[in-house]
Amino acid sequence: MTDKISPEDFDRLTDLASLELPADEAEYLRKELNNQMISIEILESIPIDAEIGTAAHGIPYDELNSAAPREDISRQDPNREEILKQAPELEDGYIVVPDISYEELD
Amino acid sequence: MKTCDLPAYVIADLIKTKQVSAVEVLEDTLERICQVDGRTGQVDAPEASSEEDLSTVHAFTLVTEDYARQQAGKIDKLVKEGKNPGPLAGVPYTAKDIFTVKGIKTTAGSKILSNYTSPYSATVVERMADAGAVMVGKVNLDEFTYGSSSESSAYKPVPRNPWDTSRVTGGSSGGSAAAVAAGEGAISLGTDTGGSIRHPASFCGTVGLKPTYGRVSRYGLIAFGSSLDCPGPLARNVTDAALTLQAIAGQDSRDSTSATTPVPNYLKEMEKDIRGMRIGLSEEFFRVTYFDSESMELVENPIDPQIKDAVLSTAGFLAQLGADIVMDVPLPHTKYGVPTYFVISRVEASSNLLRYDGVKYGYRTAESFTDLRELYRKTRGEAFGVEPKLRMLMGIYLSAAQFDKGYYDLALKARALMRKDFEDIFDPRGKYHLDALLTPTAPSTAFSIGSVYGDSVMMAYSDQLTATTNHAGIPGLSFPVGFDNENLPIGAQVLGPDYSEGVLLRIARAYEKVTEKEDWRNKRPPILSKNGN
């Protein structure tokens with residue numbers, strides 16, 4: 001049986017996920033993903049009534065169980081220093097970000 | 001009996017009546033941790049291999065002794081001053097290391113957060129403190145909660161089952177269940193996205209409650225599947241689970257999905273009788289259906305007959321108490337629970353995992369890099385384990401337009417059908433008009449460490465009986481109903497309509513009371529007697 005996720009697809013996926021992987025780990029992950037796809041394909045056999053909508057949430061939200069959105073007010077977090085301290089590289093209170101790669105468009 | 005083995009409600013009462021101090025209870029608990037837990041989980045540490053390693057629990061990633069002593073001291077001061085120390089006064093508890101606690105390391109069991117100290121606390125952690133509970137530590141879990149055995153944590157050694165340390169604890173709240181079973185804290189806070197509270201509760205012989213989605217705030221919970229995640233308690237008895245839910249439930253302005261629905265008095269609800277309640281049994285929950293990659297066929301396997309017998313015996317006890325047991329309740333979409341979970345949870349997880357980048361916080365590669373993309377690739381490749389990688393890649397595959405085969409849309413429709421299955425059986429005007437459904441929690445008892453881990457499909461099917469609950473958003477409560485012939489705990493779960501936690505607690509409490517004289521109720525994890533407890 002042909003794998004759903006080919007080595008080329010897999011390379012594209014690792015690029016989108018920003019993952020650098022050793023070859024043996026990549027092969028294991030691709031094999032597991034294809035095994036999972038066999039399980040996922042069972043969904044194609046569900047008899048779906050045209051009236052069935054999609055559910056992004058299990059329980060419904062309405063005025064009986066949901067609060068009105070709170071006011072959109074910005075607040076300064078009192079722990080600014082603590083939060084910044086977590087960054088691997090800081091300069092003058094700013095987080096240092098390495099060069100951002102880009103491609104020249106024709 | 002040591003105070004660390006007492007129920008939480010008894011501990012709180014003893015402290016409030018000055019028969020014991022919070023500090024004394026804490027010291028008993030810390031001593032127990034020293035006796036049974038062994039090496040605390042560390043990132044990249046070796047797996048268990050020595051005799052001592054193989055016979056200890058390893059529930060913890062961090063024991064917060066100083067933090068706990070401060071909290072316990074405050075409780076004792078309140079008691080001394082005649083002030084109300086709260087319903088969980090001085091009760092030692094653990095938190096799955098997926099909840100943020102201000103000033104304390106929060107790792108999600110991942111190398112990528114191994115150096116992260118949270119600048120804020122989860123709402124549930126604040127509410128536990130307000131109720132007087134004392135946090136003794138953070139407990140291990142599957143990395144980012146991704147798994148059903150707690151073996152995928154980057155923090156080694158991984159937790160081992162107190163009933164048989166060659167077995168897994170279940171997952172992903174495995175450290176929580178193991179700690180509660182071994183008396184290393186009376187309560188633990190866990191999370192349930194596809195069964196992660198109920199599954200380890202059943203494997204370790206504890207109570208585990210997955211509340212209705214939105215009943216408990218997710219603020220401060222490191223996200224897995226944002227439309228599925230539910231924080232909830234694990235405890236050694238139903239009353240403690242009710243007390244904890246009472247403390248943590250309710251609307252939170254910091255989580256817009258938290259429900260405004262009033263929170264009932266669970267302790268009162270729990271003690272009502274169950275006469276006349278309609279409790280269903282469904283054949284769909286006595287088998288596991290999956291697509292076999294060897295034969296390429298859909299295979300139906302019955303669950304372990306000992307588990308089925310234990311659930312039927314539970315139904316018998318409930319019938320004795322006056323409940324109507326309704327047989328053959330149809331839930332035809334149960335078999336789609338895991339495939340649907342493979343889609344929805346992966347798409348949500350991949351989105352949630354993109355924030356870990358080695359720039360703002362957490363691990364950063366020590367290798368050189370030339371630009372931001374290379375920094376991302378190296379950092380994430382080095383610091384995520386296989387489970388987050390699998391979930392990210394699958395989530396992207398299923399949701400990126402270039403690969404789209406419509407599976408996400410199909411999964412959302414399957415989810416609607418699973419929801420409808422439950423709405424139909426709980427509809428008060430429907431044919432079945434059930435108050436609750438009684439099912440096994442898991443298709444097996446605790447399996448051996450290493451026997452399933454690595455096969456991501458087989459591992460996922462361990463959740464087939466729990467995952468549909470999360471798709472539907474309804475509550476589920478797992479409770480111990482006996483042991484198999486290898487002396488491993490068996491769990492049953494009751495599921496009910498939205499916000500019916502009070503009803504589920506009532507059923508489990510009624511069962512607990514009617515079986516309190518049963519021999520199996522006196523069993524304790526062998527690890528405790530081995531250590532002279």
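Naming: A, B, ... by sequence-line order, numbering from 1 per chain. This is a predicted model, so every value here is computed, not measured.
When the candidates B/Y499, B/Y361, B/Y336, B/Y461 are compared by the number of heavy-atom contacts under 4.5 Å with chain A, B/Y336 comes out ahead. Counting heavy-atom pairs closer than 4.5 Å to chain A, the top-ranked of the candidates B/H471, B/M392, B/R373 is B/R373.
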Q: Run the numbers on B/L393 and A/F10 for side chain to side chain contact (heavy atoms under 4.5 Å, CB included), then give the verdict.
A: CA-CA 8 Å; B/L393 294 166; A/F10 187 81; 3.8 Å; yes
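The backbone N or O of A/L13 lies less than 3.5 Å from no partner atom in the side chain of B/Y397, so there is not a single donor-acceptor pair. Remark: side-chain polar atoms of B/T260 are paired, donor with acceptor, to backbone N or O of A/N65 under 3.5 angstrom. Side-chain N or O atoms of A/R70 include none that pairs as donor or acceptor with a backbone N or O of B/S256 at under 3.5 Å. In this structure, the side chain of A/E32 engages the main chain of B/S456 through a donor-acceptor pair within 3.5 Å.
A donor-acceptor pair shorter than 3.5 Å cannot be found between the side chains of B/Y407 and A/E41. Remark: the B/Y120 side chain and the A/D77 side chain contain no N/O donor-acceptor pair separated by less than 3.5 Å.
Ionic pairing of B/K102 and A/E82 is not present here: no N-O contact between side-chain nitrogen and carboxylate oxygen is shorter than 4.0 angstrom.
In this structure, A/E91 places its CD atom where only 12 or fewer heavy-atom neighbours from other residues, nucleotides or ligands lie under 6.0 Å away.
Taking 4.5 Å as the limit, some side-chain heavy atom of B/D498 sits within range of a side-chain heavy atom of A/P60.
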